[in-house]
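See below for the structure under consideration.
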Amino acid sequence: MGYDFNSIEQKWRAYWAKNQTFKADNHSEKPKYYIMDMFPYPSGAGLHVGHPLGYIASDIFARYKRHQGFNVLHPQGYDSFGLPAEQYAIQTGQHPAKTTQENIARYRDQLDQMGFSFDWSREVRTSNPDFYKWTQWIFLLLFDHYYCNDEDKALPISHLVLRFEKEGNTTLNAVCSAGIESFSAAEWNAFIESKKEEILLGYRLTYLSETEVNWCAELGTVLANDEIINGVSERGGYPVTKKKMKQWSMRIGAYAERLLKGLDEIDWPESLKEMQRNWIGKSIGAKVFFQIEGHEEKIEVFTTRPDTLFGVTFMTLAPELELVQKITHPDHKDDVEAYISETKQRTQRERMADVKNSTGVFTGSYVIHPFDGSRIPIWIGDYVLADYGTGAVMAVPCGDQRDYDFAKHFDIPIKNIFKGVSIEKEAFTDKENTTIDNSDFLTGLSYQEATDKVIEALEEKECGTGTINYRLRDAIFSRQRYWGEPIPMYYNEQMPQPLTLEDLPLELPEVENYLPTSEGAPPLGNAEKWAWDTVSKKVVVNEKIDHQTVYPLELNTMPGWAGSSWYFYRYMDAQNSDVFVGKQAMEYWREVDLYLGGSEHATGHLLYSRFWQKFLFDLGIVPVEEYAKKLINQGMILGTSAFIYRKPGTKTYVSKDLLETEEGIEPIRVDVNLVNASDELDTEGLRKWQSQFETAEFEMHEGVFKVGREVEKMSKSKYNVVNPDEICNQYGADTLRMFEMFLGPVEQAKPWNTAGISGVHNFLKKYWRLFFKDDQWIVTEEKPGKKELKVLHETIKKVTTDIENFSFNTCVSSFMICVNELTSLNCHSREILSPLTLLLSPFAPHLAEEIWQKLGNTSTLINQPYPEVNESYLIEDSKNYPVSFNGKMRFTIPLALSLEQEEIKKAVLDDARTAEYLQGKAPKKWIIVPNKIINIVY
RNA sequence: GCUCGGAUGGUGGAAUUGGUAGACACGUUGGACUUAAAAUCCAAUGACCAUUGCGGUCGUGCGGGUUCAAGUCCCGCUCCGAGUACCA
């Protein structure tokens, strides 16, 4: 019979489910530990072996922490709003909720199969109204707050109103949209209500504005910057163009500095923090105002090199800038307009593809240099981006390569302001080795001195100021989709009005059709009369509208990242219908201690969630400013695709061994499940797999047909998916768990290779044989010897430090060594095997639990105290010291550890081999590293 | 282009942070047990030379350097991966 993993695993899964073994309590004397995985999107394809990698690692750690005496919160849920279910609905008419429900059921089955210790009583689903009620609530809070720079936190809009009534906005230091004019208290009080609301909207942390957005016509929706890869949509790879639309945005820019600073306080991977730093993109420089000749307006530019102010030979404005219309000289109007409409036609992709070529046009106008009074021509060019900085640059061709290329292309003069540097071929951009020349009062200064001096001068003349700019842009929050959280807003005379917490959740309306309406409104527009009655405080669907009190609701929904920006709090108190999280639960759990997930979320979810956290912290709703103390990125498990090679125009396929040149040969992907561990293809299976292969001819090599291999992302369309269910059936969940850990470091990407699994499976069988021989229980009550105890305690020590360091691959190795040694020592002592079982339980929980019970324990081992290392068993009394001469290892010599250095020297000198190497020379120097090495320099 | 990671046997990967490189596994080869197979166990396995001697030489992407001692530290390259990109 031996190790019957199937029945063991079934038994314990059922036991854990029945007894709710992993339910975490919100009240406990024990210290808490909150460990969480990034929750999955339940896709229709189910899980492949790559998905559970992180869950296995976190589960091992969670189980380990329980043994360490912690009250562990280890929840799981589903990020269940998303595009695939909606697209399936468009194709088939099946409601996304139904698709999602079915997919979740399949995910749950698969997850359960692997023996995860999740507390399912806390499961969350972002698409459930009792969950998204609180997502909507946070949206309302954002709408009701603005960001005060003086207090450096979010404050209620009501404070702002009071302030406007008293002193207008002239003394206010708050984050707001561009183009808000200043007004006095008297002016404010005289504004009509709608004007006031419009102004307030410019301060709210979530606000409605006419924005230029990334529009994807194929998907019928707006995309965020991080949803676009190389100018095409991340999903589907469709072209993306710019389009102006009224959109909800999140003022994440208000938190740029705090998001940056917060990174220093959290234990996240350095590479991921670096990605966030780059994404936030802080740059220090100056704003400079240039007076336009013959106009009231000034052009405001941002520059990181104010020291090069005397090298300016032209200005460049982004073509989208409204100012362009005003200042264009009549003689150049046609050129400018032609250029603007031309740039509008170009997609983002085309624009990026042609980075090398400078395009632009002269406006016919000039600005005046603030210091030397010279006339500087104003150009427009699409290398200047409208939404970064001020959308205008002062072009210094001698110090910036793009300005240089532009100047060369249009024959604009280039002025050299750097001492001893040639700018014949390219711009000089090395600011560290700069001496400014030819620049009036800046001549002779270094970059830093000149920068300080020019900012001082600019401020004095009131035509500039030192400033900081961020690349981070406000996040667009509207999606023209059905399957997302409805935005809890209705419209009165074009102005958005919020619902209140009591009105929530605002549930999705039923629609017949999930596509945008024929008028181009989002899919929610398909609902008949989806509107809000302000009197009954209810959604009005399909009823007569009383125009006095009923207003249309917002038709856009929230993006995918809304629910995931706060879900970790809901786990703390998932069933609470009264509040977001109960006070007691919040105080007890506070924050996530360890968060596991992929680095692909670095500039999306992991940034947005930090932003919401800081906002909720400002309001006193959450107790900490960073929600995840420590984060680990697990690497992806990749697939190994299999290829066969077809001779062009035939049905003949050639074995990899016979393939001499790939020229003219068509590689075709085949299902990896038709290939064995030696890369041999099951040709009969292939014929049955797809009709195109039914009549295929195979050119074998020595009787076998071999495939080519390539490592790629695991995906259904590449036929390289390995299913965890099958691995579990064949080898058991415990083997799968240990094998995924054994594959390599958790953080690293690595290809799946089923062939290696036998090593781990054999280990578990060997472990089983420590307890059973021919189905007979062979554990003895004998006292273990010194050797056995040493093996055990070495293993405890090694495994414990490796778990703490998240080095699970070496843990598995340590277990293997331990079991091999115990086997060769023929050790079956309870005193050794009992703690070893405990040690193994996080990795192979089903097997460990079974053995634990067989050992006569009545309670499960989930909360059993972790075995401690007894160092005294590890101390040796002698050791083989390697002896080397001038660093070259020659021989080893056994010595007692208690020897002093002088005694060691003597023992080594007494050895005949030493004499041979020294040959009469006296040692010049001894290097004796305790417990390690003896090196004699001669 | 910029930023951050990597590069160790046929393969996945170890190496106490400067101290016997290649742990542990896969694979391969040979052997034991079997009528046979499966399963299990044992041995060998970086390369080259010597293998009736227990040994020697070279070896962590490449070229230098520091050190008694370098996979590990320093300088200069090459290649691969990830992120980002007219960011002024």
Side-chain angles (χ1 to χ4, degrees), chain A residues 2 225-226 229-230 269-279 281-283 285 301-305 308 316 318 351-352 354-359 381-385 387-396 399-403 405-406 429 469-473 599-600 602-603 633 635 677-678 739 742-745 747-760 762-763 765-766 769 798 801 807 809-817 820 823-824 880-892 923-938:
Chain A
N225 283 336
D226 55 281
I229 312 285
N230 293 328
E270 206 41 58
S271 60
L272 192 144
K273 292 204 230 176
E274 199 58 32
M275 274 163 75
Q276 291 208 348
R277 284 190 194 107
N278 290 340
W279 192 260
K282 179 177 182 173
S283 47
V301 302
F302 173 75
T303 175
T304 54
R305 295 291 306 272
T308 62
T316 317
R351 209 159 145 169
M352 282 165 68
D354 161 80
V355 167
K356 295 278 174 307
N357 301 323
S358 301
T359 65
D382 70 358
Y383 80 94
V384 177
L385 304 177
D387 50 1
Y388 179 76
T390 59
V393 301
M394 56 175 228
V396 184
D400 182 285
Q401 194 56 45
R402 290 152 309 163
D403 296 345
D405 295 341
F406 195 89
T429 54
N469 205 26
Y470 298 92
R471 198 184 78 113
L472 184 68
R473 289 165 211 179
S599 61
E600 67 270 24
T603 54
N633 285 133
S678 318
F739 182 55
F742 185 66
L743 227 40
E747 300 90 336
Q748 194 175 302
K750 54 221 161 236
W752 175 266
N753 175 14
T754 307
I757 203 167
S758 62
V760 172
N762 281 343
F763 156 75
K765 286 197 275 188
K766 274 188 210 169
R769 286 200 296 272
K798 188 81 179 41
T801 52
S807 175
N809 54 332
T810 52
C811 271
V812 178
S813 294
S814 303
F815 281 121
M816 287 175 175
I817 295 167
N820 284 343
T823 304
S824 64
N880 277 332
Y881 277 88
V883 180
S884 69
F885 296 86
N886 284 352
K888 288 222 165 163
M889 224 290 287
R890 299 298 173 173
F891 55 85
T892 61
K924 269 190 205 157
K925 194 170 157 192
W926 289 79
I927 295 143
I928 301 172
V929 181
N931 273 313
K932 273 175 193 160
I933 191 165
I934 300 163
N935 190 9
I936 303 163
V937 183
Y938 65 100

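A, B, ... follow the sequence lines: proteins, then strands. Residue 1 opens every chain.
- Applying the side chain to side chain donor-acceptor pair (under 3.5 Å) criterion to A/K750, with sequence neighbours excluded, gives no partner residue.
- Under the 90° criterion around 0 for the glycosidic angle, B/U17 counts as syn.
- The phosphate of B/A39 (OP1 or OP2) has no side-chain N or O of A/K765 nearer than 4.0 angstrom.
- The OG atom of A/S884 lies 4.0 Å from the CD1 atom of A/I933; values are rounded to the nearest 0.5 Å.
- Per the geometry, CZ belonging to A/F406 stands 16 Å off P belonging to B/C86, to the nearest Å.
- Along RNA chain B, the nucleotide nearest to A/S884 and the one nearest to A/K750 differ in position, and the one closer to the 5' end is contacted by A/K750.
- A centroid separation of 6.0 Å or more is found between the aromatic rings of A/W279 and A/Y470.
- Base contact: A/I927 has a heavy atom under 4.0 Å from a base atom.
- Contact annotation for A/K924: no contact, since no heavy-atom pair falls under 4.0 Å across all strands.
- Put simply, CZ on A/F891 is 12 Å from P on B/G56, counting in whole angstrom units.
- B/A14 and B/G63 have their P atoms separated by 25 Å, with the value rounded to a whole Å.
- Two residues, A/S824 and A/Q748, neighbour RNA chain B, and the one matched to the more 5' nucleotide by heavy-atom proximity is A/Q748.
- For the P atoms, the distance linking B/U34 with B/A50 amounts to 40 Å, nearest Å.
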Please report the C-alpha distance between A/E747 and A/N633 in whole Å, then the side-chain angles of each, then the deciding distance to 0.1 Å, and finally whether the side-chain contact (heavy atoms from CB on, under 4.5 Å) criterion is met.
CA-CA 6 Å; A/E747 300 90 336; A/N633 285 133; 5.6 Å; no
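- Among the protein residues, A/P751 comes within range of no part of the nucleic acid, since none of its heavy atoms lies under 4.0 Å from any strand.
- The nearest whole Å value for the distance from the CZ atom in A/R471 to the P atom in B/C87 is 10 Å.
- Comparing B/C24, B/C87, B/A14 by their nearest atom to the side chain of A/S813 picks out B/C24.
- Distances shown here put a side-chain N or O of A/N809 below 4.0 Å from the OP1 or OP2 atom of B/A14.
- For the P atom pair drawn from B/U60 and B/U11, the interatomic distance equals 16 Å after rounding to whole Å.
- In terms of the side-chain contact (heavy atoms from CB on, under 4.5 Å) criterion, residue partners of A/K765 (sequence neighbours excluded) are, by chain and number, A/Y3, A/H761, A/N762, A/R769.
- The side chain of A/T810 sits closest to B/A14 out of B/A88, B/A85, B/A14.
- Here the C1' atom of nucleotide B/G81 and the CD atom of A/E747 are 16 Å apart, to the nearest Å.
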Residue pair A/Y881, A/T892: steps toward the side-chain hydrogen bond (donor to acceptor under 3.5 Å, both in side chains) verdict:
CA-CA 5 Å; A/Y881 277 88; A/T892 61; over 6 Å; no
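- A donor-acceptor pair under 3.5 Å is absent between the side-chain atoms of A/Q276 and the main chain of A/T603, judged by distance alone.
- Within the nucleic acid shown, A/R277 has no heavy atom closer than 4.0 Å to any nucleic acid atom.
- A/Q276 places its CD atom 12 Å from the P atom of B/U84, with the value rounded to the nearest Å.
- For B/G13 and B/G46, the C1' atoms lie 15 Å apart once the distance is rounded to whole Å.
- For the P atom pair drawn from B/A21 and B/C75, the interatomic distance equals 26 Å after rounding to whole Å.
- Comparing the P positions of B/C86 and B/A70 gives a spacing of 47 Å, expressed to the nearest Å.
- Taking the C1' atom of each, B/G9 and B/G27 are spaced 12 Å apart, rounded to whole Å.
- In this structure, the CG atom of A/L385 is 10 Å from the P atom of B/A88, given to the nearest Å.
- In this entry the distance linking OH of A/Y881 with P of B/G19 reads 16 Å, nearest Å.
- The glycosidic torsion of B/G9 lies within 90° of 0, which places this base in the syn conformation.
- Closest approach of A/D403 and A/V396 over heavy atoms only: OD2-N, 2.9 Å.
- Between A/F763 and A/F815, the shortest heavy-atom contact is CE1-O, 3.4 Å.
- Distances were taken from every side-chain heavy atom of A/F302 (C-beta onward) to each of B/A88, B/C24, B/G19; the shortest belongs to B/A88.
- The salt bridge (charged side-chain N to carboxylate O under 4.0 Å, His left out) test applied to A/D400 returns A/R402, not counting sequence neighbours.
- A/Y388 has a side-chain polar atom (N or O) that falls below the 4.0 Å cut-off from OP1 or OP2 of B/A88.
- Separating the CZ atom of A/R305 from the P atom of B/C87 is a distance of 14 Å, rounded to the nearest angstrom.
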Kindly give the atom pairs (protein nitrogen or oxygen, nucleotide nitrogen or oxygen) under 3.5 Å for nucleotides 25-34 of chain B.
residue, atom, partner, partner atom, Å
B/A25, OP1, A/N820, ND2, 3.1

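- Ring-plane geometry between A/F302 and A/Y388 is classed as perpendicular, the angle between the planes exceeding 60 degrees on a 0 to 90 degree scale with a lower cut at 30.
- Between A/W752 and A/F739, the ring planes lie perpendicular to each other; the angle is over 60°, past the 30° to 60° tilted range.
- Of the inter-residue distances, the one linking A/S813 atom OG with A/F742 atom CZ reads 4.5 Å to the nearest 0.5 angstrom.
- Here the straight-line distance linking atom CZ of A/R277 with atom CD of A/E270 works out to 5.0 Å at 0.5 Å rounding.
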Would you list the protein and nucleotides 1-7 of chain B atom pairs, both N or O, that sit under 3.5 Å from each other?
none

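- For the strand RNA chain B, secondary-structure stems (runs of at least three Watson-Crick or G-U pairs, all distances below 3.5 Å) span B:1-7 with B:78-84, B:10-12 with B:24-26, B:27-32 with B:40-45, B:46-49 with B:55-58, B:61-65 with B:73-77.
- In the interface, the side chain of A/R402 is not paired with the base of B/C87 through any donor and acceptor atom under 3.5 Å apart.
- B/C26 and B/C42: their P atoms are spaced 12 Å apart (whole Å).
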